[in-house]
Amino acid sequence: MPKPVKHLQTQLLDWFSRHRRVMPWRAAKGVRPDPYHVWLSEIMLQQTTVVTVGPYFMKFIAKWPTVKHLAKAKLDDVLTAWAGLGYYARARNLHKCAVTVANEHAGKFPETVEGLRELPGIGPYTAAAIASIAFDRPAVAVDGNVERVVSRFFAIEEPLPLSKDDIRRKAARLAKDNPHPGDFTQAFMELGATVCTPRKPKCSLCPWAADCAARKKGVAEDLPRKVEKAQKPVRYGKVYYISNRRGEFLIHKRTGQGLYEGLYQLPTTEWIDSRTAARKLAAPVRITGLESLGAEVRHSFTHFDLILEIWIGRDTKNTRLAHAVWISADNIDEYALPTLMKKAIRLCMNGNPAKSA
DNA sequence: ATCCTGTAAG
DNA sequence: CTTACAGGAT
């Protein structure tokens with residue numbers, strides 16, 4: 001370590017006290033934040049940017065002001081409010097966690113990393129983040145930002161994720177015995193988010209620039225290195241926009257486990273690997289006169305890309321369809337519809353302005 | 001290995 | 001426009 005750790009800690013904490021960003025879930029300087037707010041924001045911020053989370057966080061605390069309120073909510077309503085944020089397992093775990101905290105912890109979050117780790121949806125990162133930010137416990141939260149800062153500060157050449165253990169140890173060294181664990185956690189991440197950015201890091205603004213190994217070697221922008229990832233497969237299928245005489249269209253709750261579990265969707269075929277085979281797939285609804293709109297929706301998941309051909313149809317004889325719900329453009333927000341489906345719906349309404357009116 | 005979406009870069 | 005990337009838990 002080039003300088004005593006103590007000095008680096010002071011530099012980072014001083015920098016943070018001057019550049020601390022205002023966020024809806026962040027308490028004012030020197031004020032203890034509400035653990036419920038810290039937890040809710042941290043769950044939302046998993047795999048999601050600050051800007052995206054903002055409005056969702058506001059919506060949630062307005063609707064469910066405490067963890068006990070959230071525990072009493074129906075999962076369906078939580079999913080509806082979550083719709084668009086992605087990774088819906090987070091919402092299911094969020095609800096489970098709220099129920100556990102309300103019922104088994106009298107509505108109070110555990111204050112230790114070990115206690116927090118027991119709860120659904122709280123992994124090593126989130127447990128450390130909540131313990132330090134909400135309760136000022138000396139825990140080190142290593143997120144993607146911290147990984148980047150540490151990789152560069154020590155010029156770690158080993159690629160992620162192989163370097164994770166090394167990064168964790170070095171992050172712990174930098175954080176060891178610092179006087180303000182909550183601020184330190186936030187400062188560490190904030191440095192990565194605003195200064196030590198993935199591309200074009202602003203080294204001139206960095207409180208640690210003088211001691212940064214990557215900067216001295218001129219490789220800051222090349223770090224952290226990452227192991228090459230296999231290229232994603234593409235899957236194909238069809239989605240169906242079935243409208244009725246009232247201008248409503250058909251959705252239904254998705255069955256099965258995993259992907260979009262418990263969310264609503266337009267009727268869709270299976271999603272398969274072969275484009276040609278997908279073109280021959282039969283419709284999942286028995287409606288005559290279906291026709292291809294000649295448009296596609298594209299959507300990208302973590303492990304595959306998806307291309308769905310859009311088909312439209314009209315239900316002229318009030319067909320009864322099991323588990324189906326007819327909805328109009330006005331009450332789309334009352335259902336947990338993922339972005340993929342909203343994209344498809346929007347395309348259909350734009351493609352058929354007469355029918356959306 | 002499985003789970004989504006928004007944004008920046010090319 | 002198309003592609004690449006960021007971002008943790010189970």
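To find a chain, count down the sequence lines: A is the first, B the second, and so on, and within it residues start at 1.
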Exercise: identify the closest heavy-atom pair between A/A131 and A/E111: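 Residues A/A131 and A/E111, closest heavy atoms: CB-O, 4.1 Å.
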
Does [N] have OP1 or OP2 sitting under 4.0 Å from an N or O in the side chain of [X]?
X: A/H299; N: B/dC4; result: no
X: A/T126; N: C/dA9; result: yes
X: A/R148; N: C/dG7; result: yes

[X] side chain: which of [options] is closest?
X: A/Y87; options: C/dG7, C/dA9, C/dA6; value: C/dG7
X: A/Q47; options: C/dG8, B/dC4, B/dT2; value: C/dG8
X: A/D143; options: C/dT10, C/dG8, C/dG7; value: C/dG8
X: A/Y125; options: C/dG7, C/dG8, C/dT10; value: C/dG8
X: A/N93; options: C/dT10, C/dG7, B/dC4; value: C/dT10

Whole-Å distance between [N] [atom2] and [X] [atom1]?
X: A/L79; N: B/dC4; atom1: CG; atom2: P; value: 10 Å
X: A/Y88; N: C/dG7; atom1: OH; atom2: P; value: 20 Å
X: A/L85; N: C/dA6; atom1: CG; atom2: P; value: 20 Å
X: A/F304; N: B/dT2; atom1: CZ; atom2: P; value: 10 Å
X: A/I130; N: C/dG8; atom1: CD1; atom2: P; value: 13 Å
X: A/I43; N: C/dA9; atom1: CD1; atom2: P; value: 8 Å
X: A/K232; N: C/dT3; atom1: NZ; atom2: C1'; value: 10 Å
X: A/K229; N: C/dG7; atom1: NZ; atom2: P; value: 12 Å

Stacked cation flag A/R254 on A/Y260, 6.0 angstrom / 45 deg: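 No, A/R254 does not lie over the aromatic ring of A/Y260.
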
Salt-bridge present (A/K217, A/E157; N to O < 4.0 Å):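 No, A/K217 and A/E157 are not salt-bridged.
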
Cationic N near anionic O, under 4.0 Å, A/D76 to A/K253: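 Result for this pair is yes, salt bridge flagged.
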
Which part of the nucleic acid does [X] contact within heavy-atom distance under 4.0 Å: base, sugar-phosphate only, or nothing?
X: A/T302; answer: base
X: A/K200; answer: nothing
X: A/R298; answer: nothing

5' precedence on DNA chain B between A/L337 and A/R199 (nearest-nucleotide basis):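 Looking at the nearest nucleotide for each, A/L337 comes out on the 5' side.
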
Residue mapping more 5' on DNA chain C - nearest nucleotide basis, A/P124 or A/K226: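 Closest to the 5' end, via its nearest nucleotide, is A/K226.
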
A/R26 side chain vs A/R21 backbone, donor-acceptor pair below 3.5 Å: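 Yes, because the side chain of A/R26 sits within donor-acceptor range (under 3.5 Å) of the backbone of A/R21.
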
Residue that, paired with A/S292, satisfies side chain to side chain donor-acceptor pair (under 3.5 Å) out of A/K238, A/E309, A/R279: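 Of A/K238, A/E309, A/R279, side chain to side chain donor-acceptor pair (under 3.5 Å) with A/S292 is met by A/E309 alone.
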
